[in-house]
Amino acid sequence: MSEAKKYPAPVTNPETAAFWDAAKEGKFMIKRCTACGEAHYFPRSICPFCYSDKTVWEEASGEGTIYTWSLMRKSPTGPYAIGYVTLKEGPSVQTNFVDCDLTTLKIGQKVKVVFKPTDGAPLPFFTPA
């Protein structure tokens with residue numbers, strides 16, 4: 001039986017603490033600007049669209065679609081896939097894909113967030129829906 005993959009704990013700071021606290025409860029959070037209405041990820045206090053500091057936390061559905069992906073076949077830790085997922089709420093997320101046959105991933109495929117444990121807050125990844 002193979003040993004479960006160990007993921008590094010995320011580095012937190014006051015600006016992202018709410019994101020990691022919600023991750024511990026299985027919630028995937030994004031930020032939304034109340035000045036221009038745009039949602040963004042990675043959550044930060046300043047809107048990347050209009051530069052307003054009027055942003056609020058919002059729980060995302062955790063559902064999205066693969067925009068693009070790439071399979072890394074040669075790695076000391078074994079094959080892995082990275083890519084971008086466009087969330088239902090609009091923002092794109094750079095991520096790793098887990099818990100699936102990596103060779104069957106497809107652009108446009110529906111995916112959902114899954115959290116993997118670390119020594120700190122769990123990390124969000126995506127897997128086919």
Side-chain angles (χ1 to χ4, degrees):
M1 186 150 113
S2 65
E3 188 175 315
K5 184 169 176 126
K6 184 161 172 78
Y7 296 99
V11 177
T12 62
N13 62 51
E15 187 176 25
T16 61
F19 177 86
W20 298 115
D21 289 344
K24 290 175 185 173
E25 298 174 11
K27 297 176 183 176
F28 186 70
M29 304 297 284
I30 59 175
K31 280 280 197 116
R32 186 169 300 273
C33 178
T34 58
C36 71
E38 293 285 341
H40 60 271
Y41 183 90
F42 190 82
R44 50 198 172 270
S45 58
I46 302 295
C47 174
F49 299 101
C50 73
Y51 308 109
S52 170
D53 64 350
K54 308 288 189 252
T55 61
V56 294
W57 289 102
E58 177 180 300
E59 184 177 357
S61 66
E63 299 172 354
T65 305
I66 297 176
Y67 175 76
T68 190
W69 67 280
S70 185
L71 177 58
M72 310 307 163
R73 295 180 190 276
K74 294 184 179 180
S75 165
T77 59
Y80 65 95
I82 61 171
Y84 281 92
V85 167
T86 303
L87 298 174
K88 265 185 164 179
E89 294 79 9
S92 291
V93 177
Q94 185 177 15
T95 190
N96 285 63
F97 298 101
V98 296
D99 302 337
C100 64
D101 178 353
L102 300 176
T103 63
T104 64
L105 293 172
K106 300 207 178 323
I107 291 172
Q109 185 174 3
K110 300 293 184 199
V111 290
K112 62 182 179 181
V113 73
V114 292
F115 290 95
K116 295 294 181 178
T118 71
D119 289 335
L123 291 173
F125 296 101
F126 283 80
T127 192

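Numbers for residues simply follow the sequence, beginning at 1. No hydrogens, no waters, no symmetry mates; every other heavy atom, side chains included, goes into these values.
- The distance from atom CG of Leu105 to atom CG of Leu71, rounded to the nearest 0.5 Å, is 8.0 Å.
- Using a 4.5 Å cut-off on side-chain heavy atoms (C-beta onward), Tyr80 and Ser75 make contact.
- Here the side chains of Met72 and Pro79 are not in contact, with every heavy-atom distance at 4.5 Å or above.
- Hydrophobic cluster membership differs between Phe42 and Ile46, with clusters built from Ile, Leu, Val, Met, Phe, Trp and Tyr side chains linked at under 4.5 angstrom.
- Applying the salt bridge (Lys or Arg N to Asp or Glu O under 4.0 Å) test to pairs two or more places apart or on separate chains, those with a residue in residues 94-113 are Asp99-Lys116.
- Other residues, nucleotides and ligands contribute more than 12 heavy atoms inside 6.0 Å of the CZ atom of Phe125.
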Task: Test log, rule side chain to side chain contact (heavy atoms under 4.5 Å, CB included), inputs Thr86 and Tyr84 - done: CA-CA 7 Å; Thr86 303; Tyr84 281 92; over 6 Å; no

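- Between Cys36 and Cys47, the shortest heavy-atom distance links the atoms SG-SG, 3.7 Å.
- Residues Ile82 and Val111 fall into different hydrophobic clusters, defined by Ile, Leu, Val, Met, Phe, Trp and Tyr side chains chained together at heavy-atom separations under 4.5 Å.
- A distance-only check finds no donor-acceptor pair linking the side chain of Arg32 to the backbone of Ile30 [under 3.5 Å].
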TODO: For Lys31 and Thr55, run side-chain hydrogen bond (donor to acceptor under 3.5 Å, both in side chains): C-alpha distance rounded to whole Å, both residues' side-chain angles, the deciding distance at 0.1 Å, then the answer.
DONE: CA-CA 6 Å; Lys31 280 280 197 116; Thr55 61; 3.0 Å; yes

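- Using modelled atom types, one side-chain atom of Thr127 and one backbone atom of Val98 make a donor-acceptor pair closer than 3.5 Å.
- A donor-acceptor pair is defined here as one N or O able to donate and one able to accept, closer than 3.5 Å; such a pair exists between the side chain of Thr34 and the backbone of Lys54.
- A heavy-atom distance below 4.5 Å is not found between the side chains of Thr95 and Pro124.
- You'll find the ring centres of Tyr41 and Phe28 inside the 6.0 Å limit.
- Here the side chains of Leu102 and Trp69 are not in contact, with every heavy-atom distance at 4.5 Å or above.
- In this structure, NZ on Lys88 lies 9.0 Å from OG1 on Thr65, to the nearest 0.5 angstrom.
- Cluster membership check: Phe115 shares its hydrophobic cluster with Trp57, using side-chain heavy-atom separations under 4.5 Å among Ile, Leu, Val, Met, Phe, Trp and Tyr.
- Taking Ile, Leu, Val, Met, Phe, Trp and Tyr as hydrophobic and joining them when side-chain heavy atoms fall under 4.5 Å apart, one finds Phe49 isolated, its cluster having no other members.
- Expressed to the nearest 0.5 Å, how far CG of Asp119 lies from NZ of Lys6 amounts to 3.5 Å.
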Open item on the list: Show, in sequence, the C-alpha distance, side-chain angles and deciding distance for Thr103 and Arg73, and conclude whether the side chain to side chain contact (heavy atoms under 4.5 Å, CB included) test is met.
Closed with: CA-CA 10 Å; Thr103 63; Arg73 295 180 190 276; 4.2 Å; yes

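- Looking at Glu89 and Ser61, their side chains come closer than 4.5 Å, going by heavy atoms from C-beta outward.
- At a threshold of 4.5 Å between non-hydrogen side-chain atoms, the residues Glu38 and Cys50 do not count as touching.
- Between the Glu15 side chain and the Ser45 main chain, a donor and an acceptor come within less than 3.5 Å of each other.
- In this structure, Trp20 and Leu123 have side chains that are in contact, with non-hydrogen atoms separated by less than 4.5 Å.
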Open item on the list: Walk me through whether Ile66 and Phe126 qualify under side chain to side chain contact (heavy atoms under 4.5 Å, CB included).
Closed with: CA-CA 9 Å; Ile66 297 176; Phe126 283 80; over 6 Å; no

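- Note on Leu87: it clusters hydrophobically with Ile107, by side-chain heavy-atom contacts below 4.5 Å among ILVMFWY residues.
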